[in-house]
Amino acid sequence: MKILLLGANGQVGSYLRHTLSSAGTVVASSRCGFDGALACDLTRPGDLRDLLLRQRPDLVVNAAAYTAVDLAERERDAAIALNADVPRIIGDTVAAWHGGVIHFSTDYVFDGRSHRPYLESDGTGPLGVYGQTKLMGEDALAASGADYLILRTAWVYSLRGRNFLTTMLQLAGERPLLRVVDDQRGTPTSAGFVARATAGIVTRWATDFHTRNNLNGVYHLTAKGETTWFRFAQAIFAEAHSLGVLAQAPTVIPIPSADYPTPAARPAYSVLDIHKLEDVLGVIAPEWRSDLARVIASEYER
Ligand SMILES: NC(=O)C1=CN([C@@H]2O[C@H](COP(=O)(O)OP(=O)(O)OC[C@H]3O[C@@H](n4cnc5c(N)ncnc54)[C@H](OP(=O)(O)O)[C@@H]3O)[C@@H](O)[C@H]2O)C=CC1
Ligand SMILES: Cc1cn([C@H]2C[C@H](O)[C@@H](COP(=O)(O)OP(=O)(O)O[C@H]3O[C@@H](C)C(=O)[C@@H](O)[C@H]3O)O2)c(=O)[nH]c1=O
Ligand SMILES: [Mg+2]
């Protein structure tokens, strides 16, 4: 099976480049092209169509996105181009040869007013431009006629790139005291887990090739459990400290979101129910806390 991976240089994409090779022949593409990846600026629809037509993949895995949540509030057009137009063009194009698409979306499609984990069938209500444009992309792909899986993940971290984990480790070296919001609940999920689970899903999907359209739809893909950003920060410092990576863990103070104003509002509660992922796609998810410990140890315990 030929798999075209878009966004190969991103947080999830860089892990997918490795894990997907167990599921098929991977052709990787990134904005600039590096390390053998094909260069393609996805904001140029003609370039994206050319890439798809030339490669004619059995499956496109789209890990490219506009992910700057706050910046999106004043760069709406750029967010639409990446998060809404790209999945629409992919779906419309590969539908011509009955190709499939695996696309990632986010917990930020929800408004956060739920008091129990969100089901795939629950109503959406994004609070900001990032979530709105990701939802537009979900709808466009679902309407395209291609076979598709939309994997909604959340609070993704790794030791590469910019994310909450790397931000906290960096701030720990700069400040003795950090203030972190304690009234937004969600589930930290490692990029490595997302990429391994996705590769397993691709393998299963390829096996069920003739009936795979039965699987079309949205799936929630996170680790298990829930926490707040404050408790996530505490856990990061506890793990790093126990491995001797941090001489002195900073003091972390819990604060309400009102005390940490940001251009984009975040949902107060965006825990995702992952039973459909487990039952239909057979993914086994780790607890978020053990996933975090594994990630930090993998880097430093050598
Ligand atoms: N990060 C998170 O917390 C979460 C992410 N998700 C979703 O998961 C998916 C993967 O996210 P993640 O890996 O964290 O995102 P990243 O921001 O790390 O990666 C996105 C990639 O998209 C690429 N990209 C952006 N613009 C273009 C362009 N014009 N042409 C080509 N490539 C472009 C970027 O390229 P470059 O490296 O050159 O900038 C980057 O490598 C996304 O769909 C995201 O919405 C969902 C929930 C949580
Ligand atoms: C750095 C920092 C952040 N915060 C808060 C701000 C925010 O409410 C929360 C998380 O901050 P971040 O900006 O790292 O996270 P954010 O950009 O909101 O992360 C989101 O990214 C997109 C792509 C997604 O799809 C989501 O699932 C989610 O992971 O922590 C503090 O309270 N103190 C701090 O020192
Ligand atoms: Mg990023």
Side-chain angles (χ1 to χ4, degrees), residues 5-17 28-34 37-45 47-48 51 61-72 75 78-79 81-83 85-87 102-110 126-128 130-131 133-135 137-138 150-158 160-168 170-172 174-175 177-184 186-191 194-195 198 220-222 228-230 232-233 250 252-268 270 272:
L5 170 63
L6 304 179
N9 197 27
Q11 195 182 184
V12 174
S14 57
Y15 283 89
L16 281 168
R17 205 169 170 184
S29 173
S30 64
R31 193 202 313 247
C32 304
F34 78 107
L38 302 172
C40 182
D41 179 349
L42 299 173
T43 57
R44 301 167 65 98
D47 290 5
L48 172 56
L51 176 68
V61 177
N62 179 31
Y66 185 105
T67 56
V69 176
D70 287 319
L71 202 56
E75 289 194 348
L82 256 295
N83 295 346
D85 294 344
V86 165
I102 293 187
H103 176 68
F104 296 97
S105 190
T106 174
D107 56 329
Y108 283 17
V109 297
F110 291 113
L127 301 177
Y130 166 72
T133 59
K134 291 296 293 184
L135 187 57
E138 290 188 6
I150 291 166
L151 306 177
R152 282 188 193 139
T153 187
W155 294 30
V156 176
Y157 65 89
S158 66
R160 305 175 197 169
R162 262 183 75 85
N163 59 73
F164 191 79
L165 170 61
T166 55
T167 301
M168 286 299 123
Q170 187 196 324
L171 291 177
E174 298 169 358
R175 301 183 203 162
L177 193 145
L178 299 176
R179 292 149 48 85
V180 181
V181 301
D182 195 32
D183 56 1
Q184 294 169 25
T187 308
T189 303
S190 74
V194 173
T198 303
H220 290 167
L221 166 51
T222 66
T228 68
W229 293 108
F230 163 71
F232 184 23
V252 192
I253 313 253
I255 55 167
S257 298
D259 290 355
Y260 196 92
T262 50
R266 271 85 169 156
S270 61
L272 304 180

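Note that ligands are numbered from 1 as they come in the structure, with each ligand's atoms numbered from 1 the same way. Both backbone and side-chain heavy atoms feed into the values below; hydrogens, waters and symmetry mates do not.
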L6 vs L51 side-chain heavy atoms within contact, under 4.5 Å: yes
Subset of ligand 1 atoms that lie under 4.0 Å from at least one heavy atom of N9: 37 (O), 41 (O)
Side chain N163, main chain S158, donor-acceptor under 3.5 Å: yes
Geometric N/O contact F104 with ligand 1, under 3.5 angstrom: yes
Short side-chain donor-acceptor distance under 3.5 Å, T133 and N83: yes
Contact check, N163 vs ligand 1, heavy-atom distance below 4.0 Å: no
Test log, rule side-chain contact (heavy atoms from CB on, under 4.5 Å), inputs L127 and F110: CA-CA 7 Å; L127 301 177; F110 291 113; over 6 Å; no
Under 3.5 Å: N/O of T262 near N/O of ligand 2: no
K134 neighbourhood, listing ligand 1 atoms whose heavy-atom distance to it stays under 4.0 Å: 42 (C), 43 (O), 44 (C), 45 (O)
Sub-4.5 Å side-chain heavy-atom contact between L178 and I253: no
Q184: numbered ligand 2 atoms lying under 4.0 Å from its heavy atoms: 8 (O)
Distance filter under 4.0 Å to D107 heavy atoms, resulting ligand 2 atoms: 26 (C), 27 (O)
Residue pair Y108 / W155, side-chain heavy-atom distance below 4.5 Å: yes
Subset of ligand 2 atoms that lie under 4.0 Å from at least one heavy atom of T106: 24 (C), 25 (O), 26 (C), 27 (O)
Proximal candidate to atom 41 (O) of ligand 1 [heavy atom criterion; set G10, G131, G186, A8]: G10
Min N/O separation Y108 to ligand 2 under 3.5 Å: yes
Shortest protein heavy-atom distance from atom 23 (C) of ligand 2, along with the residue and atom involved: Y130 OH, 3.3 Å
Side chain, backbone, both or neither: R179 near ligand 2, heavy atoms under 4.0 Å: backbone
Under 4.0 Å to a heavy atom of M168 - the qualifying atoms of ligand 2, by number: 1 (C), 2 (C), 34 (C), 35 (O)
Geometric N/O contact T67 with ligand 1, under 3.5 angstrom: yes
Distance filter under 4.0 Å to A154 heavy atoms, resulting ligand 2 atoms: 27 (O)
Any donor-acceptor pair under 3.5 Å from S14 side chain to Q11 backbone: yes
Steps toward side-chain contact (heavy atoms from CB on, under 4.5 Å) verdict (I102, T198): CA-CA 9 Å; I102 293 187; T198 303; 4.2 Å; yes
Residue selection (non-hydrogen contact nearest atom 4 (C) of ligand 1) among D107, T43, V156: V156
Heavy-atom side-chain contact between V252 and M168 under 4.5 Å: no
A154 contact mode with ligand 1 (heavy-atom cut-off under 4.0 Å): backbone
Any side-chain donor near an acceptor of the partner, T228 and Q184, under 3.5 Å: no
Ligand 2 versus Y260: contacting region, heavy-atom distance under 4.0 Å: side chain
Residue portion contacting ligand 1 (non-hydrogen atoms closer than 4.0 Å) for S29: neither
Heavy-atom side-chain contact between R31 and N9 under 4.5 Å: no
Min N/O separation W229 to ligand 2 under 3.5 Å: no
Side chain to side chain, Y130 and T106, heavy atoms closer than 4.5 Å: yes
D70 side chain vs A264 backbone, donor-acceptor pair below 3.5 Å: yes
Per-residue contact class, V194 against ligand 1 - non-hydrogen pairs under 4.0 Å: neither
N/O separation below 3.5 Å, A64 to ligand 1: no
Polar contact flag for G13 and ligand 1 (N/O pairs, less than 3.5 Å): no
Whether C40 lies under 4.0 Å from ligand 1, heavy atom: yes
Close N or O approach (T106, ligand 1; < 3.5 Å): no
4.0 Å heavy-atom contact, S105 with ligand 1: yes
Donor-acceptor pair between T166 and R160 side chains, under 3.5 angstrom: no
Check: F232 ring centroid to F164 ring centroid under 6.0 Å: yes
Nearest option to atom 32 (O) of ligand 2, as decided by whichever heavy atom of D70, V181, V69, T167 sits closest: V181
Check against side-chain contact (heavy atoms from CB on, under 4.5 Å), L16 and F104: CA-CA 12 Å; L16 281 168; F104 296 97; 3.8 Å; yes
H103 and L151, any side-chain heavy atoms less than 4.5 Å apart: no
Under-4.0 Å heavy-atom contact with ligand 1, by part of A63 that carries it: backbone
Side chain K134, main chain D107, donor-acceptor under 3.5 Å: no
Part of F230 with heavy atoms under 4.0 Å of ligand 2, whether side chain, backbone, both or neither: neither
Per-residue contact class, R152 against ligand 1 - non-hydrogen pairs under 4.0 Å: neither
Backbone of L221 reached by a side-chain donor or acceptor of T153 within 3.5 Å: yes
From the candidates W155, Y130, F164, Y157, the one that places a heavy atom nearest atom 44 (C) of ligand 1: Y130
Minimum non-hydrogen distance to atom 24 (N) of ligand 1, winning option of H103, R160, R31: R31
Heavy atom of the protein closest to atom 11 (O) of ligand 2 (residue, atom name, distance): F164 CD1, 4.1 Å
Shortest protein contact, atom 13 (O) of ligand 2 (heavy atom only): R266 NH2, 3.4 Å
Any N or O of V180 closer than 3.5 Å to N or O of ligand 2: no
Derivation of the side-chain contact (heavy atoms from CB on, under 4.5 Å) call for D183 and I255: CA-CA 8 Å; D183 56 1; I255 55 167; over 6 Å; no
